[in-house]
Protein chains: 2
Amino acid sequence: MPTTEITETITNAEWCVMRIVWTLGQADSHTIIDLVSQQHDWKAATIKTLIGRLVKKGALATTKNGRQFIYTPLIAEQAAMDTALAGQLDQMCAMCRGQAFVNAIDQTELSQDDIQELIQHLQTKLTTAPATISCDCLPEGYEGSC
Amino acid sequence: MPTTEITETITNAEWCVMRIVWTLGQADSHTIIDLVSQQHDWKAATIKTLIGRLVKKGALATTKNGRQFIYTPLIAEQAAMDTALAGQLDQMCAMCRGQAFVNAIDQTELSQDDIQELIQHLQTKLTTAPATISCDCLPEGYEGSC
DNA sequence: AGTTTGAGTTTACAGATGTAAACTTTAGTC
DNA sequence: GACTAAAGTTTACATCTGTAAACTCAAACT
């Protein structure tokens, strides 16, 4: 299971490549190019560039196999998702995050199990939750609320 | 209440400026520069650039007031947050989004009211939720799962 | 009225990102 | 062993971002 930390961020275009490799577990470039180009109108050269950047960033490992490489993920998909989501949330007013979750969840298809797990976690979280969260958009010492 | 749609995205640095204006409701550049530079080690010139870009993008409106402008948001904060979050989620495997929510919620401070509203929504959502969500990382016709 | 000063505008520039062609190398093929 | 074709590498280039200096212009002060 990949657990390596990565400092550099994975860009939107790179995510598309990573998702293929994450899903397949491993893949050669031919497979990646084949699958990605069915989802996006990108030339093979473009996808090669993305693969190259992901290797350089330490997101994909290579294993030589004859004349080509097998690529495998060096970072875990869930960890990458969590980091990306957390980064997005950090950007936003702490006070408004709850509503953002409500709206995001409303717009997202979730399985029964996912929903039950979420309810579970929320019920636990409720026992220690503060009554209110303050807006943190202004510098220390200023009071504000969105 | 600002409701304008915006096509261009607001960048990370621009978010910092928007949050000030959203929170204050309106502000002149002096105030924005003052507050933002208490949060980030940016020169006034940098913040001016960000303000200018936000005006050009249609995220901030200007009202002349003597020798300066009053800036007001043209887009709603919650809408911007929802769009940003949705964009991030769209990038991620549909099958894994539930777990991403679980982890994000675990890491986020939420108020009792927020949590209760989330539970409420989730309980409603549960009544129509599918048993499972499929991985959508591969092109049509391929089956995969992360 | 002339000068100062601060608000806003223009220009700058490096690095990241999306997009891709051109080139090099080498494993297979004949 | 020479050739070919595909894999990977280099180079390219426009746009976006982060970061900021320089410049312009008019409001406010003297």
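Chain letters run A, B, ... following the sequence lines, proteins first and then strands; every chain starts at 1. Quick caveat, the model's predicted, so the values are computed rather than measured.
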Visitor: Roughly how many Å is it from CD1 in B:I51 to P in C:dA7, rounded to a whole number?
Guide: 10 Å
Visitor: Starting from the 5' end of DNA chain D, give me the residue, B:K57 or B:A45, whose nearest nucleotide shows up first.
Guide: B:K57
Visitor: Would you say A:L85 and B:L85 make side-chain contact, with heavy atoms under 4.5 Å?
Guide: yes
Visitor: Below 4.0 angstrom, which residues in residues 23-38 of chain A have at least one non-hydrogen atom near DNA chain D?
Guide: A:S29, A:H30
Visitor: Return the angle between end axes of the helix from C:dA1-D:dT30 to C:dC30-D:dG1, with five pairs used per end and rounding to 10°.
Guide: 10°
Visitor: May I have the distance from A:H40 (atom NE2) to C:dT17 (atom P), rounded to whole angstrom?
Guide: 17 Å
Visitor: Each nucleotide in nucleotides 23-30 of chain C should get exactly one letter: B, S or -. Can you fill that in based on protein heavy atoms under 4.0 Å?
Guide: ----SS--
Visitor: So A:F101 and B:D114, do their side chains get closer than 4.5 Å, heavy atoms only?
Guide: no
Visitor: Check every strand shown and say whether B:T11 touches a base, only sugar-phosphate, or nothing at a heavy-atom separation below 4.0 Å.
Guide: sugar-phosphate
Visitor: Would you indicate whether the side-chain heavy atoms of A:L54 and A:V21 approach each other to under 4.5 Å?
Guide: no
Visitor: Can you pull out every salt bridge (Lys or Arg N to Asp or Glu O under 4.0 Å) where at least one residue sits in residues 19-31 of chain A? Sequence neighbours excluded, please.
Guide: A:R19-B:D136
Visitor: What is the distance from CG of A:L50 to C1' of C:dA16, rounded to the nearest Å?
Guide: 13 Å
Visitor: Side-chain contact test, heavy atoms from C-beta onward, threshold under 4.5 Å: evaluate it for A:T62 versus A:I70 and give yes or no.
Guide: no
Visitor: Considering non-hydrogen atoms only, spot the tightest contact between A:L89 and A:R97 and give its length.
Guide: O-NE, 2.9 Å
Visitor: When you match A:I10 and A:T49 each to their closest nucleotide on DNA chain C, which lands nearer the 5' end?
Guide: A:I10
Visitor: NZ of B:K43 versus C1' of C:dC13: gap in Å, rounded?
Guide: 16 Å
Visitor: Within a strict 4.5 Å, meaning less than it, do heavy atoms of the A:I75 and A:P73 side chains meet?
Guide: no
Visitor: Using atom CD1 of A:I47 as one end and atom P of C:dG18 as the other, report the distance to the nearest whole Å.
Guide: 13 Å
Visitor: Do any pairs count as a salt bridge (Lys or Arg N to Asp or Glu O under 4.0 Å) and have a residue in residues 31-58 of chain B, sequence neighbours left out, and if so which ones?
Guide: B:E14-B:K57
Visitor: On the 0 to 90° scale, with breaks at 30° and 60°, tag the A:Y71-A:F69 ring pair as parallel, tilted or perpendicular.
Guide: perpendicular
Visitor: Answer yes if the side chains of A:Q107 and A:N103 hold a donor-acceptor pair under 3.5 Å, and no otherwise.
Guide: no
Visitor: Looking at every heavy atom in both A:I51 and A:S29, which two are closest together, and how far apart are they?
Guide: CD1-CB, 4.1 Å
Visitor: If we only count heavy atoms from C-beta on, is the B:Y142 to A:T23 side-chain gap below 4.5 Å?
Guide: no
Visitor: Would you grab the first and last nucleotide of DNA chain D (5' to 3') that comes under 4.0 Å of any non-hydrogen atom in chain A?
Guide: D:dA7 to D:dA12
Visitor: Just call it for B:T9: base, sugar-phosphate, or nothing, with non-hydrogen atoms closer than 4.0 Å on any strand.
Guide: sugar-phosphate
Visitor: Is any side-chain heavy atom of A:Q112 closer than 4.5 Å to one of B:T132?
Guide: no
Visitor: Taking atom types as they are modelled, is there a donor-acceptor pair under 3.5 Å from the base of C:dT19 to the side chain of A:R53?
Guide: yes
Visitor: A:P130 versus A:I133: any side-chain heavy-atom pair under 4.5 Å?
Guide: yes
